[in-house]
There are 2 protein chains.
Amino acid sequence: MSLIDDLKSGIVPDWIESIVRDEPITNRELIDGIVSGNIVAPRNILRQMSSPRAVGRGLRTKVNANIGTSEDISLVEEEIEKLRVACASGADAIMDLSTGGDIPAIRKRLIAECPVPFGTVPIYQAAAEAHKRGAAITELTPDEIIGAVEAHAKDGVDFVTVHTGITRRSIDALKRQPRVMDVVSRGGALLVGWIIANQQENPLFERYDELIEICREYEVTLSLGDGMRPGCLNDAGDAAQIEELKILGELRERALSAGVQVMIEGPGHVPLNEIEDQIRMEKELCNGAPFYVLGPLVTDIGAGRDHIVAAIGGAVASMAGADFLCYVTPREHLGLPTVEDVREGVETLKIAAHAGDIGKGLPGAADRDLEMSKARKSLDWSKQISLALDPTTAKRMHAERSGDRVDACSMCGDLCAMKVASEALGIENPVSC
Amino acid sequence: MSLIDDLKSGIVPDWIESIVRDEPITNRELIDGIVSGNIVAPRNILRQMSSPRAVGRGLRTKVNANIGTSEDISLVEEEIEKLRVACASGADAIMDLSTGGDIPAIRKRLIAECPVPFGTVPIYQAAAEAHKRGAAITELTPDEIIGAVEAHAKDGVDFVTVHTGITRRSIDALKRQPRVMDVVSRGGALLVGWIIANQQENPLFERYDELIEICREYEVTLSLGDGMRPGCLNDAGDAAQIEELKILGELRERALSAGVQVMIEGPGHVPLNEIEDQIRMEKELCNGAPFYVLGPLVTDIGAGRDHIVAAIGGAVASMAGADFLCYVTPREHLGLPTVEDVREGVETLKIAAHAGDIGKGLPGAADRDLEMSKARKSLDWSKQISLALDPTTAKRMHAERSGDRVDACSMCGDLCAMKVASEALGIENPVSC
């Protein structure tokens, strides 16, 4: 019995009920959303998870943080620190994208530490291990590719990205309409290489029923990867991307019918004016499946501040209906993120998610903003600090420049706009900006 | 003869022609835009300015950096350094909001250093000087308020913010519909106080013809301030704000008819989903006048990262038609910005302006993005660095984590997505992400 089966039968696990405490929907709406496939609540049956989360219709927009080693930089303790910092900053999910070091050992340590849903991209491990033993990635067997997913499911992974939409059909679309950046998804690129070299269909597509079975058994949520996502503004919304999205919509129906939870991954690099269309297209082609976007990045030239580029795109995507934002760190396109990059990425995308929730009219989304405005008006600095999305940074920045005037406005001094206006308007309480 | 008069007579100064070199419009379109009031090119007749700029229809979205002393922190050298850093980072205009120290001396030093249009808010100086001599702000005479504008014009200031829309009419609107934050514009608040205490109309409104005369004489562009701008999401788009905007639209016509350039200032704090409406409303009520927005800030709880909050709002505003973005620094709401805050603010809002230009379909806006994508594909790191909006930061971040592998992808190593896919697709050049 999968979670969807249980909920259909009226069996509701306790952890499901804990989710709505921090959401603007009822328990009934959450259950209906999971059953209809408009919401996912990723949680492997083997997992201990102190802070379960759900993603989708009517819920707060969530933020994921990618961490993980590379071939060049593989320091387990640094990745554990990234996980802790990301969660302390408010990440709603963690994905381990490790490709260096002892990948299974790293994963197990990270899962044990992770209070929120934990995801992976199993083909990375398969590819990295092939590479380590001197084999070409194209020499991986279909069993090894499927086996990697099963191994991750058995380790307790809550959601897996599988690039099932990279097929002969989507590769044909890619060939018909050449791109500037070809394929920038790592998993997608590996499978394009595998399919062309082996002249065989993608095992994740061809043996999709086996994937569904694995996911049913361990209650793993499928995150159908967008291997054809655009890697630059120029390639956004092209034939390959749309063709893949159609395939993902079809595959999502099959998994959902089998009682397996599914979300859909999306771009990537998209011009600001095309984001809304991209979200609408996904919701139509995938029948309202939760949409998990990477950014989107609204310019290609923001290297060094791509977290901000992603926040612009992510806020607009969230407002348009995206459910889950994968963070981007300041080091995107430049190198593997540091612990500080991870913190900055999470804090930044949290702003985007929050602004999007206000923009999409989520009930209560702006309540904390109203409290902050009242705290500003009454010059209550400790309340202003505590209501900030990142109180630590707000406190530090205020202390650095306010000097001793903690009881007065640090910017305008005696010219404080609110004080002047409120006095003039005959409002009694002393106020300040 | 004002600039508009000259252009109408077919007299085109050389500096006007230099502006279009970096813009996607023709010289003729620029001239027509200035004459019709859809574009402003602020430049005081007394000014030396190495990099003149124009703001408005068909032009790149511009970014302004506010600098200036406060009563608590008044270090001239720090403000000069802020000006240099802002301009080096690509600010298109500088506003000096000094309220501490020897304000006229500070202004003169800053103007002498400033290569781009330079703006001020003259009433700040009038208020600060009244305060210094122990007088209440409400004791300022109308002559002193108008005189401050004239003094700034004589110092070579290119554009001045005047809160002409704070009138008995807009104050009535404010009283009819109470706000959470009342008036957060400093200039606006001072004038609200003055009007109520003196039971007289705003001198900047009542003696507007004199303002027009001063601006004509020195070719000062009027930036009609939004003293009633919302200070929190809750107050956005209320009666006071709309009433003021209507007044500004009327005043703009009067100045334009007299050959004086005008832009309109806008909010402020605005929910993401209301930004487009705000821009459309300004363009309608002010007949296409260039719109100069502060942010907008799309959440009230981003203290410590309000530059990012402003970048989200600014990008969407720019896409919707805003012409000029006032930057916000990370220290907004917390204290007077440092030099580093200024740099971060300019670099961040530049991203917003650029993303907005792509989003609004400005011709050629994404050309550099395309070049970057090609440089990424061909693994040309030096070109990638030089094409970044902030090459210094991109270079540093890349060097910190790339180690010795400058010839290879620093993130994916041998699993580089582009390399794998391009090889599989039979593309010859070695490529990488």
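Below, read A as the first sequence line, B as the second, and so on, with proteins coming before strands; counting in each chain starts at 1.
Considering only heavy-atom pairs separated by less than 4.5 Å from chain B, the leading option among A/Ile308, A/Val192, A/Val298 is A/Ile308. Comparing A/Asn273, A/Leu272, A/Ile301 by heavy-atom pairs within less than 4.5 Å of chain B, the highest count is held by A/Ile301. Looking only at heavy-atom pairs under 4.5 Å with chain A, the residue among B/Gly100, B/Pro337, B/Pro271, B/Gly188 that has the most is B/Pro337. The most heavy-atom pairs under 4.5 Å with chain B, out of A/Ile385, A/Leu233, A/Leu97, A/Asp235, come from A/Leu233. Counting heavy-atom pairs closer than 4.5 Å to chain B, the top residue among A/Gly359, A/Gly231, A/Gly356 is A/Gly359. Between chain A and the options B/Thr393, B/Leu389, B/Leu387, heavy-atom pairs under 4.5 Å are most frequent for B/Leu389.
In summary, the side chains of A/His333 and A/Asp306 do present a donor paired with an acceptor at a separation below 3.5 Å, with no hydrogens or angles considered. The closest side-chain donor-acceptor pair between B/Lys383 and B/Ser378, if any, does not fall under 3.5 angstrom. With 3.5 Å as the limit, one finds no donor-acceptor pair spanning the side chains of B/Lys395 and B/Ser386.
Both the backbone and the side chain of A/Ile312 have a heavy atom closer than 4.5 Å to some heavy atom of chain B. For A/Thr392, no part lies near chain B; criterion is any non-hydrogen pair under 4.5 Å. No part of B/Ala197 comes within reach of chain A, as not one of its non-hydrogen atoms sits under 4.5 angstrom from that chain. Within the 4.5 angstrom heavy-atom criterion, no atom of A/Leu191 approaches chain B. Using a 4.5 Å cut-off between heavy atoms, B/Ile196 touches chain A through its side chain atoms alone. For a residue to count as touching a neighbouring chain, one of its non-hydrogen atoms must lie under 4.5 Å from one of that chain's; by this rule B/Asp341 touches chain A with the side chain only. Interface residue B/Thr338: backbone and side-chain heavy atoms are both found under 4.5 Å from chain A. Contact annotation for B/Leu174: only side-chain heavy atoms (C-beta onward) come within less than 4.5 Å of a heavy atom of chain A. For A/Pro330, the parts lying near chain B are the backbone and the side chain together; criterion is any non-hydrogen pair under 4.5 Å.
Between B/Arg368 and B/Glu371 no salt bridge is recorded (no basic side-chain N to carboxylate O distance below 4.0 Å). B/Lys350 has a carboxylate O that lies under 4.0 Å from a charged side-chain N of B/Glu347, or vice versa, which qualifies the two as a salt bridge.
Between A/Met228 and A/Ser185, the closest side-chain pair of non-hydrogen atoms is not below 4.5 Å. Looking only at side-chain heavy atoms (C-beta outward), A/Glu344 and B/Arg305 come within less than 4.5 Å of each other.
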- Message: Assess the residue pair B/Arg343 and B/Glu340 against the criterion (salt bridge (Lys or Arg N to Asp or Glu O under 4.0 Å)); give the C-alpha distance rounded to whole Å, side-chain angles, the decisive distance to 0.1 Å, and a yes or no.
- Response: CA-CA 5 Å; B/Arg343 189 196 312 276; B/Glu340 272 315 302; 2.8 Å; yes

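At distances below 3.5 Å, not a single donor-acceptor pair connects side-chain atoms of A/Arg179 with backbone N or O atoms of A/Asn234.
Annotation: the span from A/Lys377 atom NZ to A/Gln384 atom CD amounts to 13.5 Å, rounded to 0.5 Å.
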